[in-house]
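To keep things clear, I will list the structure first and then write my remarks on it.
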Amino acid sequence: MRTIKAKPITVEAFHKFGNFTDLLNPEGYSLGDFYQDRLLMHFSARMQAAFSPLLIHKAEHMVVSQSEFHNYTQESMLCLDDDMILYVAPASKEPIPEYSEAFIVPKGTMVCLNTGVWHLAPYAVNKETAHVLIVLPERIYNNDCIVMDYTEEQKYEIVL
């Protein structure tokens, strides 16, 4: 089984998959203590945002056996109480796990994935169970969520 090494998230490395912002340590322009518009997420005018908790777990072996994408929306994730490992692959019609990358996302950093980017639930780095806030349009998991299982040859393991 092939392995990929998780690397720290940087603007240069992550820009093709989406963007992110450190909510615990904001920098740059602000209106006093208000750091406005740091992360933008597009929804259609008829969709409302849904904020959903996700419990993620630390795994002895981070073996990736499936992935998902959304055709018509972005997805945002914010790990509240631990660093997380997020794996992604470029947007495409069919899964392309051979182009996957894994990122170490610090606690308190919100990530916004571009439409079509392959991903699935992240892994906790330090805690046995961590808490992630998922932001998607309401019920998108029911009407715009394509999940694909990988073949044995496509599966890979993420290492730190």
Side-chain angles (χ1 to χ4, degrees), residues 6 8-11 13-31 33-59 62-97 99-150 158:
I9 193 167
T10 65
V11 172
F14 194 73
H15 77 278
K16 61 189 168 203
F17 303 111
N19 53 42
F20 63 94
T21 190
D22 184 343
L23 297 173
L24 297 179
N25 303 292
E27 295 178 342
Y29 66 92
S30 66
L31 300 172
D33 286 336
F34 177 57
Y35 293 81
Q36 70 277 16
D37 303 336
R38 285 299 188 259
L39 195 63
L40 302 176
M41 186 173 174
H42 176 75
F43 290 151
S44 104
R46 57 193 172 103
M47 293 182 174
Q48 60 185 0
F51 300 85
S52 305
L54 169 68
L55 301 179
I56 62 172
H57 307 284
K58 186 175 183 178
M62 294 181 279
V63 175
V64 178
S65 60
Q66 61 181 184
S67 198
E68 73 174 24
F69 72 96
H70 311 286
N71 271 314
Y72 303 104
T73 190
Q74 297 176 288
E75 179 173 344
S76 287
M77 300 179 191
L78 168 64
C79 195
L80 301 169
D81 55 356
D82 194 8
D83 299 341
M84 66 181 180
I85 303 293
L86 174 64
Y87 62 92
V88 291
S92 64
K93 184 177 179 180
E94 299 296 324
I96 49 174
Y99 293 104
S100 294
E101 296 183 48
F103 294 94
I104 303 166
V105 182
K107 169 178 75 173
T109 298
M110 183 170 242
V111 174
C112 184
L113 299 175
N114 292 337
T115 302
V117 167
W118 290 90
H119 66 283
L120 204 61
Y123 294 99
V125 173
N126 302 300
K127 298 178 80 171
E128 289 303 315
T129 302
H131 302 84
V132 177
L133 173 67
I134 301 293
V135 183
L136 284 164
E138 182 182 27
R139 294 185 45 76
I140 210 71
Y141 48 83
N142 197 45
N143 56 38
D144 180 25
C145 183
I146 295 85
V147 179
M148 301 287 275
D149 291 324
Y150 288 163
I158 300 168

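- With rounding to the nearest 0.5 Å, the separation of CD1 in I134 from CD1 in I140 is 13.5 Å.
- Atom OG of S100 and atom CD1 of I158 lie 8.0 Å apart (nearest 0.5 Å).
- Shortest non-hydrogen contact noted between P8 and F103 is O-CD2, 4.1 Å.
- Taking CD1 from I9 and CG from D22, the interatomic distance works out to 10.5 Å, rounded to the nearest 0.5 Å.
- In terms of heavy atoms, P90 sits closest to W118 at O-CD1, 3.1 Å.
- In this structure, E68 CD and D144 CG are separated by 9.5 Å, a value rounded to the nearest 0.5 Å.
- Residue M84 forms a side-chain contact (heavy atoms from CB on, under 4.5 Å) with just one option from I56, N126, L78, and that option is I56.
- The side-chain heavy atoms of P122 and L54, taken from C-beta on, include a pair separated by under 4.5 Å.
- Here the side chain of S92 pairs a donor or acceptor atom with the backbone of E94 at under 3.5 angstrom.
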Inset, instruction - Let me see the working for N71 and I146 under side-chain contact (heavy atoms from CB on, under 4.5 Å), right down to the final yes or no. - result: CA-CA 8 Å; N71 271 314; I146 295 85; 3.7 Å; yes

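- Summarising the local packing, CD of Q36 is surrounded by more than 12 heavy atoms from other residues, nucleotides or ligands at distances under 6.0 Å.
- Considering E75, Q74, M77, M41 in turn, M41 is the only one that fulfils the side-chain contact (heavy atoms from CB on, under 4.5 Å) rule with V135.
- The shortest heavy-atom contact between F20 and T109 is CD1-CG2, 3.7 Å.
- Of all heavy-atom pairs between G28 and Y35, the closest is O-CE2, 3.6 Å.
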- Task: List the steps and the verdict of side-chain contact (heavy atoms from CB on, under 4.5 Å) for C145 and H70.
- Result: CA-CA 5 Å; C145 183; H70 311 286; 3.8 Å; yes

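- The distance from atom CG of N19 to atom CZ of F14, rounded to the nearest 0.5 Å, is 8.0 Å.
- Residues L113 and H119 come closest through the heavy atom pair CD1-CG, 3.5 Å.
- By the 4.5 Å heavy-atom criterion applied to side chains, S76 and L133 are not counted as neighbours.
- Considering only heavy atoms from C-beta on, L55 comes within 4.5 Å of H131 through its side chain.
- Atom CZ of F43 sits about 6.5 Å away from atom CG of L136, to the nearest 0.5 Å.
- Proximity of F17 to E101: side-chain heavy atoms (C-beta onward) are separated by under 4.5 Å at one or more points.
- Using a 4.5 Å heavy-atom threshold, the side chains of R38 and M110 count as separate.
- Pairing each heavy atom of S67 with each of Y87, the nearest pair is OG-CE1, 4.2 Å.
- Using a distance-only test at 3.5 Å, with no hydrogens or angles considered, a donor-acceptor pair links the side chain of D82 to the main chain of K127.
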